[in-house]
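The structure displayed is predicted, hence computed values, not measured ones. Here, residue 1 is the first one in the sequence, and each next residue gets the next number.
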Amino acid sequence: ITSMHAKTSGILVNPSFEVGATANNTALTSTGQLTGWDVGTAANIKTYSAAAYVYRGYANDTGVTHYGIEFIANDTLTQVVKTENPGARFLERTPYRCQIAWQRKGAATGNLTLHLGAKSKAVAIGTGVADAWNILTIDMDDDAYFAGFNENALDVKIVVDTLAVATVVVDDVEVVDQPLRRRSDRA
C-alpha cells in the first residue's frame, strides 16, 4: 500500500508551503508570496521552519527547508486548482481524501475550516490539544467524490476566523485519490 502524503498526487502546488516561505518566524510580505496560494492579508500569516511547526518531511526532499504556516489573525489561504495546476485531473468515480494538519498554540480559540471546492469541514480550534498535531478531514462520503465537491473555480481553501488569544499552525494540505482506481475515469 502506497503511503499517502501532500506531495503524492500532484493536484496541489506547494501543498506544504515550502516555496515562497520567508525566514523562520517571519510574516509574509505579499499576498502572492507563497507559490500556488493566495493570502487575504500577508501580515496575518507567518512561516516557520522550526521543527515544532512542521508536520512532516518527505523522501527525496534532500536540501529542502520544511515550513509550516501560522495564522496570527483571521485570514484565508486559497488555491484555485486549475489556475495553479492546469494539468490537474479528478477521477469521477473515485473518492478524494482532503485533509490538513493543524495545531493550536497556547489557548487559541476560533474556527478552522478546510474547503475542497463546494464542500467544507470546520473544527473549533479550542478543541485541539495545545502544541499537538490534529488532522481535519473533509467527510469521506458523497462530499469526497468529484460530483460532490465540483464547482466552477474549484479551489482548496483554508480559513481561520474568530481567532482569539493565540495562534493556529497548519501544514501538509492533502488532496489525494484513494489507491484503488481505474485511470480511464478521469474527469
Side-chain angles (χ1 to χ4, degrees), residues 3-9 11-29 31 33-61 64-79 96-117 119-140 143-144 155-176:
S3 174
M4 298 288 191
H5 59 73
K7 296 180 182 180
T8 298
S9 71
I11 290 174
L12 293 180
V13 172
N14 197 22
S16 287
F17 313 113
E18 274 80 35
V19 184
T22 59
N24 186 49
N25 191 14
T26 305
L28 298 177
T29 56
T31 57
Q33 182 174 341
L34 284 173
T35 299
W37 297 94
D38 291 317
V39 178
T41 304
N44 292 344
I45 306 281
K46 286 184 174 183
T47 58
Y48 276 88
S49 60
Y53 292 81
V54 175
Y55 181 60
R56 61 183 167 181
Y58 305 101
N60 303 321
D61 272 356
V64 172
T65 300
H66 297 284
Y67 286 90
I69 299 297
E70 182 181 42
F71 284 81
I72 60 173
N74 297 331
D75 214 328
T76 302
L77 282 171
T78 305
Q79 183 170 135
Y96 284 80
R97 182 172 185 84
C98 181
Q99 72 177 39
I100 190 166
W102 67 279
Q103 77 176 267
R104 174 185 188 205
K105 293 295 184 185
T109 60
N111 299 301
L112 171 65
T113 306
L114 176 62
H115 297 260
L116 173 59
K119 299 300 178 180
S120 64
K121 182 75 177 224
V123 65
I125 295 166
T127 63
V129 176
D131 300 316
W133 287 106
N134 303 276
I135 303 296
L136 175 60
T137 304
I138 292 183
D139 293 337
M140 290 297 295
D143 294 355
D155 61 7
V156 172
K157 192 176 342 182
I158 304 151
V159 180
V160 172
D161 63 44
T162 63
L163 185 64
V165 181
T167 64
V168 66
V169 174
V170 299
D171 194 17
D172 204 52
V173 184
E174 292 184 19
V175 178
V176 293

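No donor-acceptor distance shorter than 3.5 angstrom exists from the side chain of D161 to the backbone of N74, with no hydrogens or angles considered. In this structure, T47 contributes its side chain and T22 its backbone to a donor-acceptor pair below 3.5 Å. Between the D171 side chain and the V54 main chain, no donor and acceptor come within less than 3.5 Å of each other. The main-chain N or O of G20 is found under 3.5 Å from a side-chain atom of Q33 such that the two form a donor-acceptor pair. With D75 contributing its side chain and T41 its backbone, the two residues share a donor-acceptor pair below 3.5 Å.
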Assess the residue pair N24 and Y48 against the criterion (side chain to side chain donor-acceptor pair (under 3.5 Å)); give the C-alpha distance rounded to whole Å, side-chain angles, the decisive distance to 0.1 Å, and a yes or no. CA-CA 4 Å; N24 186 49; Y48 276 88; over 6 Å; no

Please report the C-alpha distance between T65 and E18 in whole Å, then the side-chain angles of each, then the deciding distance to 0.1 Å, and finally whether the side-chain contact (heavy atoms from CB on, under 4.5 Å) criterion is met. CA-CA 7 Å; T65 300; E18 274 80 35; over 6 Å; no

Might you work through the side-chain contact (heavy atoms from CB on, under 4.5 Å) test for V123 and N134, ending with a clear yes or no? CA-CA 10 Å; V123 65; N134 303 276; over 6 Å; no

Derivation and outcome, side-chain contact (heavy atoms from CB on, under 4.5 Å), residues V39 and N44: CA-CA 9 Å; V39 178; N44 292 344; 6.0 Å; no

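Among T137, T113, D143, D139, the one residue that satisfies the side chain to side chain donor-acceptor pair (under 3.5 Å) test with K121 is D139.
Here the closest heavy-atom approach between residue W37 and residue V13 is recorded as NE1-O, 3.5 Å. Across all non-hydrogen atoms, the minimal contact from Y96 to M140 is O-SD, 3.5 Å. Taking both residues in full, the closest heavy atoms of F17 and Y67 are given as O-CB, 3.7 Å, listed atom of the first, atom of the second, then distance. Summarising the geometry of C98 relative to V175, their closest heavy-atom pair is SG-CG2, 3.9 Å, with the distance given to 0.1 Å. Contact record, I125 with R104: O-CD, 3.3 Å, taken as the closest heavy-atom pair. When all heavy atoms are compared, the tightest approach of A107 to A166 is N-CB, 4.0 Å.
Note that CZ of R56 and OG of S16 are 7.5 Å apart. Values are rounded to the nearest 0.5 Å. Interatomic distance, I135 CD1 to E174 CD, rounded to the nearest 0.5 Å: 7.5 Å. Considering CG of D155 and CG of L12, their distance stands at 10.5 Å, rounded to 0.5 Å. Rounding to the nearest 0.5 Å gives a distance of 10.0 Å between OG1 of T35 and CD of Q79. A distance of 8.5 Å separates OG1 in T76 from CD1 in I45, rounded to the nearest 0.5 Å. The CG atom of L136 sits 10.0 Å away from atom CD1 of I158, with the distance rounded to the nearest 0.5 Å.
Contact check on D131 versus K105 returns a salt bridge, with a Lys/Arg side-chain nitrogen under 4.0 Å from an Asp/Glu carboxylate oxygen.
Residues L34 and I69 have side chains in contact (heavy-atom distance under 4.5 Å, counting atoms from C-beta outward). Residues W133 and V169 meet the side-chain proximity criterion, which asks for heavy atoms closer than 4.5 Å. By the 4.5 Å heavy-atom criterion applied to side chains, T109 and T162 are not counted as neighbours.
Using a 3.5 Å distance cut-off with no hydrogens or angles, the side chains of D38 and T78 do not pair a donor with an acceptor.
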